[in-house]
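The first residue in the sequence is number 1, and the count goes up from there.
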Amino acid sequence: LPHLDFKTKTIASLQKNSERFWLYKFFEQNRDRIYEAFVLECRNESYGILSHFTNTIFLKEIGMKAKVETTQSKELGQSISVQVAECDPY
């Protein structure tokens with residue numbers, strides 16, 4: 001049974017890495033595309049006079065969560081348009 005558990009974990013890890021790879025490729029090939037999303041969380045990480053917010057968003061079309069940084073506060077549930085500038089699959 002431990003041998004089977006190890007195989008299951010290995011397969012799950014490979015599947016997750018494969019999904020990350022293909023999402024990365026998708027975003028890489030669609031850099032100019034604008035995506036509709038809504039804000040799930042907005043954290044104020046401002047320092048002194050510099051406004052900085054980290055937002056957790058949900059990309060509607062793709063069905064995934066992502067983090068984006070903005071200089072303005074966003075409201076929970078607010079609809080926003082985003083464009084992928086860079087993507088890290090890990």
Side-chain angles (χ1 to χ4, degrees):
L1 206 56
H3 181 67
L4 184 60
D5 188 45
F6 175 75
K7 283 186 177 183
T8 302
K9 286 181 182 179
T10 302
I11 290 169
S13 176
L14 288 171
Q15 181 178 1
K16 188 174 183 180
N17 286 336
S18 175
E19 289 171 4
R20 285 182 183 158
F21 173 81
W22 289 112
L23 270 173
Y24 174 77
K25 284 296 186 187
F26 175 81
F27 286 130
E28 187 178 63
Q29 294 172 0
N30 293 281
R31 284 189 187 264
D32 296 333
R33 191 168 176 185
I34 304 295
Y35 301 92
E36 295 302 313
F38 60 88
V39 178
L40 298 174
E41 176 186 33
C42 181
R43 287 194 341 244
N44 183 348
E45 297 179 355
S46 299
Y47 305 102
I49 60 170
L50 298 175
S51 294
H52 177 82
F53 299 88
T54 299
N55 302 276
T56 303
I57 63 168
F58 184 80
L59 295 158
K60 298 175 189 179
E61 184 178 340
I62 300 167
M64 68 173 280
K65 290 194 298 185
K67 293 205 183 283
V68 295
E69 296 178 2
T70 60
T71 57
Q72 297 176 340
S73 178
K74 303 295 179 193
E75 296 293 323
L76 196 63
Q78 180 179 350
S79 290
I80 61 172
S81 298
V82 296
Q83 183 175 13
V84 177
E86 63 182 79
C87 179
D88 180 2
Y90 302 99

* To do: Could you go through the side-chain contact (heavy atoms from CB on, under 4.5 Å) check for R31 and V84 one step at a time?
  => CA-CA 6 Å; R31 284 189 187 264; V84 177; 5.8 Å; no
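- Nearest heavy atoms, I34 versus S81: CG2-CB, 3.7 Å.
- Residue F27 is grouped with residue V68 when hydrophobic side chains (ILVMFWY) are merged at heavy-atom distances under 4.5 angstrom, including chains of intermediate members.
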* Decide side-chain contact (heavy atoms from CB on, under 4.5 Å) for I80 and T70; before the verdict, give the C-alpha distance in whole Å, the side-chain angles of both, and the deciding distance to 0.1 Å. => CA-CA 11 Å; I80 61 172; T70 60; over 6 Å; no
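- Taking all atoms of both residues into account, the shortest heavy-atom contact from S79 to K60 is OG-NZ, 3.6 Å.
- Here the CZ atom belonging to F6 is positioned 10.5 Å from the CD1 atom belonging to I11, to the nearest 0.5 angstrom.
- Within the model, atoms CZ of R33 and CD of E61 stand 4.0 Å from one another, a figure rounded to the nearest 0.5 Å.
- A salt bridge links E28 with K25: at least one charged nitrogen is closer than 4.0 Å to a carboxylate oxygen.
- Taking CG of L59 as the start and NZ of K65 as the end, the distance is 12.0 Å to the nearest 0.5 Å.
- For the atom pair CZ of F38 and CD of Q78, the computed distance is 12.5 Å after rounding to the nearest 0.5 Å.
- Here the closest heavy-atom approach between residue F53 and residue Q72 is recorded as CD1-C, 3.4 Å.
- No option in R43, E69, E45, K67 other than E45 meets the side-chain hydrogen bond (donor to acceptor under 3.5 Å, both in side chains) test with T54.
- Closest heavy-atom contact between H52 and S46: N-OG, 3.1 Å.
- Between V39 and E75, the shortest heavy-atom contact is CB-O, 3.4 Å.
- Taking each heavy atom of A37 and I57 in turn, the nearest pair found is CB-CD1, 3.9 Å.
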